[in-house]
K.L.:
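Sending over a structure as structure tokens; questions will come in a sec.
Letters A, B, ... are given to chains in the order of the sequence lines, protein chains preceding strands, and every chain is numbered from 1.
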Amino acid sequence: MTARKRYWLMKSEPDTFSIDDLERVGVEPWNGVRNYQARNFMRDGMQVGDGVLFYHSNCAVPGIAGLAKVNSRAYPDPTQFDKKSDYYDPKSTPEEPRWMLVDVAFDRKLKRIIALDEIKQHAAALGEGFALTSRGSRLSVMPVTAAQWKYLLSLE
DNA sequence: GCCAACGTTGGC
DNA sequence: GCCAACGTTGGC
């Protein structure tokens, strides 16, 4: 039995990894998440086939740039064991890995970027609990309800 | 590049 | 287990 499809928003800095990069490679291990809450969403919440809003952060026009899909169950992020990686975590061991990731697969680019600016204007419709529009939130992986998903894509 | 907001670390 | 110091995120 499969559980109902869930929805997520995942942030990426386009200078590092953009929706175009994802389109090029097809599938990408979402490495480098070093926040427990974000990890827990990937580890405990994500299922293969879930929908992902691919969000561009820390750039000229932050916003939702495309759609992706969760393409694997969570597994240990290999970069945590790699001493040469920026994401190396000396406190993590292969026996007890601290950081998990999922593979993310390209779905499609949006016809246009749905800018954060614009999303903020719909904050009321999206609800108080939405981490993207709640002040000061830096969460890089967050759940999106089916209603929020539908609403956001209706802006496209 | 600035800096507010937030999460984590570590001394006590 | 408190909390100050520090590091990071990410919009602007």
K.L.:
Checking contacts here: which listed nucleotide (B/dG10, C/dG10, C/dG11) is nearest the side-chain heavy atoms of A/Leu116?
P.N.:
C/dG11
K.L.:
Can you work out whether A/Lys91 or A/Asn35 has the more 5'-proximal nearest nucleotide on DNA chain B?
P.N.:
A/Asn35
K.L.:
Could you check whether A/Tyr55 and A/Trp8 have their ring centres less than 6.0 Å apart?
P.N.:
no
K.L.:
Both A/Arg98 and A/Gly136 contact DNA chain B. Taking the nearest nucleotide for each, which residue is further toward the 5' end?
P.N.:
A/Gly136
K.L.:
From C/dG11, C/dG10, B/dT8, pick the nucleotide closest to the side chain of A/Lys11?
P.N.:
C/dG10
K.L.:
Please classify the nucleic acid contact of A/Arg135 as base, sugar-phosphate, or nothing, using heavy-atom distances under 4.0 Å.
P.N.:
sugar-phosphate
K.L.:
Picking from B/dG10, C/dC12, C/dG10, which would you name as closest to the side chain of A/Arg138?
P.N.:
C/dG10
K.L.:
Can you check the A/Ile64 CD1 to C/dG10 P distance for me, whole Å?
P.N.:
14 Å
K.L.:
Using OP1 and OP2 only, check whether a side-chain N or O of A/Tyr87 sits under 4.0 Å from C/dT8.
P.N.:
no
K.L.:
Does a side-chain N-to-carboxylate-O contact under 4.0 Å join A/Arg108 and A/Glu156?
P.N.:
yes
K.L.:
Does A/Lys120 place a side-chain N or O at less than 4.0 Å from the phosphate oxygens OP1/OP2 of C/dC12?
P.N.:
yes
K.L.:
Answer yes if the ring centres of A/Phe130 and A/Trp149 are under 6.0 angstrom apart, and no otherwise.
P.N.:
no
K.L.:
Could you state the atom-to-atom distance from OH of A/Tyr55 to P of C/dT9 in whole Å?
P.N.:
15 Å
